[in-house]
Amino acid sequence: MTTAAPVPALGHHALLVLLLQLALLLLLAVSLGQLAARFRMPAIAGELLAGVLVGPSVLGHLLPGLAGRLLPETPAQMHLLDAIGQLGVLLLVGITGTELKYDLVRRRRATALRVSLAGLVLPLGLGVAAGYLLTTPLLPDGTDPTVFALFLGVALCVSAIPVIAKTLMDMDLLHREIGQLTLASGVIDDVVGWFLLSVVSAMATAGLTVGRLAASLLYPAGAVVLALLVGRPLVRLALCAADRSPDPGPTVAVAALAVLLGAAGTHALGLEAVFGAFVAGVLLATSGRLDPERLAPLRTTVLAFLAPVYFATAGLRMDLTALARPEVLGAACAVLAVAVLGKFAGAYAGARLSRLSGWEALALGAGMNSRGVIEVIVAMVGLRLGILGPEAYTVVVLVAIVTSLMAPPLLRAAMARVERPEPDPGAGARGLAPPPAATV
């Protein structure tokens, strides 16, 4: 009987390069993220810029030899960095799912539903139309134009709760009606956006046939139903057991385990792993047993280390030199215009149908227009699946950055013209404040 040879350990040079890569990206991402925050910009702008500086846009263009030594493009070496980034984004999405305030949706469900659906449907439709019209400069070879157009529509219809919540918190708008409506509408946008991302990703990997299209719709729905019927009771039991310990360690372990298993489950079904991570976060949040304070160590690790590294690696894949081509630059301007006008017009229409004032409707549109973290994650998924090429990926990430930078000044300008009601001293007691939003 022969025994299998032991698996070789990670090579000395590969480990050294990985450690240097992580140190470099973390140093740049945290430093530039803090610098962006000092200028009242989302930290994600600085974290993405870290990758842009050492990627093909700057260092790779000016000093290709040095860039090749710091960040070699050999598949095995990049896969190591990608694995750490994927772990970071799964935990980040899971934490986002735990921090969304679903009670806001119940309290403001009619208005929030109108605003979110109008703010989803219009940019989704315009994004799909733009995807069909911009196939010449942006469509990668071998990608189905319909899948590309649908994916672009999904990328343009999402919103970024972390950026929205941080902006509202900085402006002292958390307890005001407009802040609550913006957050509630954003929650619905997030839930629908993850579902649509999973559907389109499954269509991209399985092909466009009637049967596979039906499976792409049924699999995410089935995963959600299974999670609610089986996953939620198991999560509740695990959290109850973890609560017996005075140390937060068991709760952190249960949360991380739930997110990883949820991601593995949807990935096994041919769906996106981030969809399962988000569903697991929702289960944790709605279990009735989760103490957010006990998740603080996990939240700190993810937001201070894993998430900045992930967004720096996302910046590595941006090639801003592609914008020197007039057709790509024109496509980028067109996509940005479609994204901004679609989200603004949709949210504005939904707000006006709910009999909000014009300035309140504009404030909702400004808040919902921010794409931030979510669109970057969507873009990375599209790049990994081959739906987006380098040019289209760069364009979508630029939309995420520009719309996130636009949100705070536009929201301040609109809210300055909205009549401020008397403060409600009981707002905090009724749980109206959203969770800490120090995310990117």
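Nothing fancy with the numbering, it's 1 onward along the sequence.
Note that CG of Leu316 is 5.5 Å distant from CG of Leu25, once rounded to the nearest 0.5 Å. Annotation: the span from Leu150 atom CG to Ile387 atom CD1 amounts to 9.5 Å, rounded to 0.5 Å. Leu234 CG to Leu283 CG: the interatomic distance, rounded to the nearest 0.5 Å, is 10.0 Å. Note: Leu10 CG to Leu80 CG = 5.5 Å, rounded to the nearest 0.5 Å. Annotation: the span from Leu362 atom CG to Asn369 atom CG amounts to 11.5 Å, rounded to 0.5 Å. Taken from OG1 in Thr98 to CG in Leu284, the straight-line distance is 7.0 Å, to the nearest 0.5 Å.
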- Message: Test side-chain contact (heavy atoms from CB on, under 4.5 Å) on Val376 and Leu48; report intermediate values, then the result.
- Response: CA-CA 9 Å; Val376 174; Leu48 286 167; 4.0 Å; yes
- Task: Might you work through the salt bridge (charged side-chain N to carboxylate O under 4.0 Å, His left out) test for Glu272 and Arg384, ending with a clear yes or no?
- Result: CA-CA 11 Å; Glu272 267 308 303; Arg384 181 173 56 80; 2.6 Å; yes
- Message: Apply side chain to side chain donor-acceptor pair (under 3.5 Å) to residues Ser357 and Glu360 and explain how you reach the verdict.
- Response: CA-CA 5 Å; Ser357 71; Glu360 287 175 321; 3.2 Å; yes
- Message: One pair to check against side chain to side chain donor-acceptor pair (under 3.5 Å): Thr286 and Arg232. What are the steps and the verdict?
- Response: CA-CA 8 Å; Thr286 58; Arg232 181 182 286 174; 3.3 Å; yes
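Across Ala307 and Leu92, no two heavy atoms sit closer than the pair CB-CD2, 4.2 Å. Shown here for Leu405 and Ala45, the closest heavy-atom pair between the two residues is CD2-CB, 4.4 Å. Considering every non-hydrogen atom in both Gly97 and Ala285, the closest pair reads O-CB, 3.8 Å. Taking all atoms of both residues into account, the shortest heavy-atom contact from Ser159 to Ile374 is O-CG1, 3.2 Å. Residues Ala379 and Leu388 come closest through the heavy atom pair O-CD1, 3.8 Å. Nearest heavy-atom pair, Val335 versus Val399, reported as atom, atom and distance to 0.1 Å: CG1-CG2, 3.9 Å.
Side-chain atoms of Ser354 and Arg114 form a donor-acceptor pair, as typed in the model, at a separation below 3.5 Å. In the model, Gln77 has no side-chain atom that pairs as donor or acceptor with a side-chain atom of Thr74 under 3.5 Å. Side chains of Thr321 and Asp319: a donor-acceptor N/O pair is present below 3.5 angstrom, by distance only.
The aromatic rings of Phe278 and Trp194 lie tilted to each other, with the angle between the two planes from 30° to 60°.
Listed by first and then second residue, the side chain to side chain donor-acceptor pair (under 3.5 Å) pairs involving residues 125-136 are Tyr132-Thr146 (not counting sequence neighbours).
Partner Phe275 forms a side-chain contact (heavy atoms from CB on, under 4.5 Å) with one of Val224, Leu269, Leu197 and no other, that one being Val224.
Contact of the Phe344 side chain with the Leu410 side chain is registered, since non-hydrogen atoms from C-beta on lie closer than 4.5 Å. At least one side-chain heavy atom of Gln86 sits less than 4.5 Å from a side-chain heavy atom of Val89. Between Ser185 and Met368 there is a side-chain heavy-atom pair separated by less than 4.5 Å. The side-chain heavy atoms of Leu383 and Arg317, taken from C-beta on, include a pair separated by under 4.5 Å.
Atom CD of Gln34 sits in a sparse spot, with 12 or fewer heavy atoms from other residues, nucleotides or ligands closer than 6.0 Å.
Between Asp189 and Arg371 there is no salt bridge, since no side-chain N of the basic residue sits under 4.0 Å from a carboxylate O of the acidic one.
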